[in-house]
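Working notes, beginning with the structure itself.
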Amino acid sequence: MDGIALLTITVLAVFVGFEVVSKVSSTLHTPLMSGANAIHGIILVGAIIVAGQAADPWVLAVALLAVVLATANLVGGFVVTDRMLHMFHGKKDVVKAGAQPKAGSK
């Protein structure tokens with residue numbers, strides 16, 4: 001495929017992905033993030049394989065950039081998922097986790 005076709009597919013995928021994710025209800029965001037993290041893990045492995053087989057310096061540079069971006073996306077997804085899961089913990093769970101209750105409170 002030529003560069004214009006690949007760019008067109010990428011732009012269309014971005015628009016479709018945005019529309020799909022924006023229509024998801026808030027109760028399904030945590031499972032959606034978990035699935036996205038799995039996909040980003042596969043993308044990271046693919047970027048590492050491409051970087052390992054790169055023959056040209058510019059291909060290696062783009063592959064290493066893909067590794068960095070995929071890693072940042074994967075780690076960020078886990079951080080967001082962790083924060084979302086902590087939102088569902090009750091106040092008693094937070095106190096047990098190490099937070100000290102205020103004086104005079106139960």
Side-chain angles (χ1 to χ4, degrees):
M1 277 195 206
D2 62 337
I4 298 295
L6 292 174
L7 182 65
T8 303
I9 291 170
T10 302
V11 169
L12 289 174
V14 167
F15 284 128
V16 169
F18 178 77
E19 286 298 318
V20 167
V21 171
S22 67
K23 304 292 189 238
V24 174
S25 67
S26 60
T27 57
L28 295 176
H29 275 286
T30 302
L32 180 66
M33 285 297 296
S34 297
N37 287 339
I39 293 169
H40 291 127
I42 295 168
I43 291 170
L44 178 60
V45 170
I48 291 171
I49 291 171
V50 170
Q53 296 179 353
D56 295 331
W58 67 273
V59 173
L60 180 62
V62 172
L64 290 177
L65 178 65
V67 168
V68 169
L69 292 176
T71 302
N73 204 359
L74 181 66
V75 171
F78 279 117
V79 169
V80 169
T81 302
D82 186 54
R83 288 184 67 186
M84 290 174 70
L85 290 174
H86 281 290
M87 290 177 7
F88 294 107
H89 288 233
K91 291 186 180 188
K92 292 180 182 179
D93 292 339
V94 173
V95 172
K96 288 179 185 176
Q100 297 296 324
K102 293 182 182 179
S105 65
K106 294 183 180 181

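Within the structure, no pair that satisfies the side chain to side chain donor-acceptor pair (under 3.5 Å) test touches residues 60-70, not counting sequence neighbours. Note on residues 3-20: pairs passing salt bridge (charged side-chain N to carboxylate O under 4.0 Å, His left out), not counting sequence neighbours, are E19-K23.
Clustering of Ile, Leu, Val, Met, Phe, Trp and Tyr side chains at separations under 4.5 Å leaves F18 isolated, with no partner residue. In the hydrophobic clustering, I43 connects to I39, either directly or through intervening members, whenever side-chain heavy atoms lie under 4.5 Å apart.
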Could you pull out all donor-acceptor pairs under 3.5 Å where a side-chain atom in residues 1-17 meets a protein atom, sequence neighbours excluded?
from, atom 1, to, atom 2, distance (Å)
D2, OD1, A5, N, 3.4
T8, OG1, I4, O, 2.7
T10, OG1, L6, O, 2.9

If you look only at distance, which donor and acceptor atoms sit under 3.5 Å apart when one is on a side chain in residues 61-78 and the other is two or more places apart or in another chain?
from, atom 1, to, atom 2, distance (Å)
T71, OG1, V67, O, 2.7
N73, ND2, H40, NE2, 3.2

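Remark: D56 engages W58, V59 in a side-chain contact (heavy atoms from CB on, under 4.5 Å) (not counting sequence neighbours).
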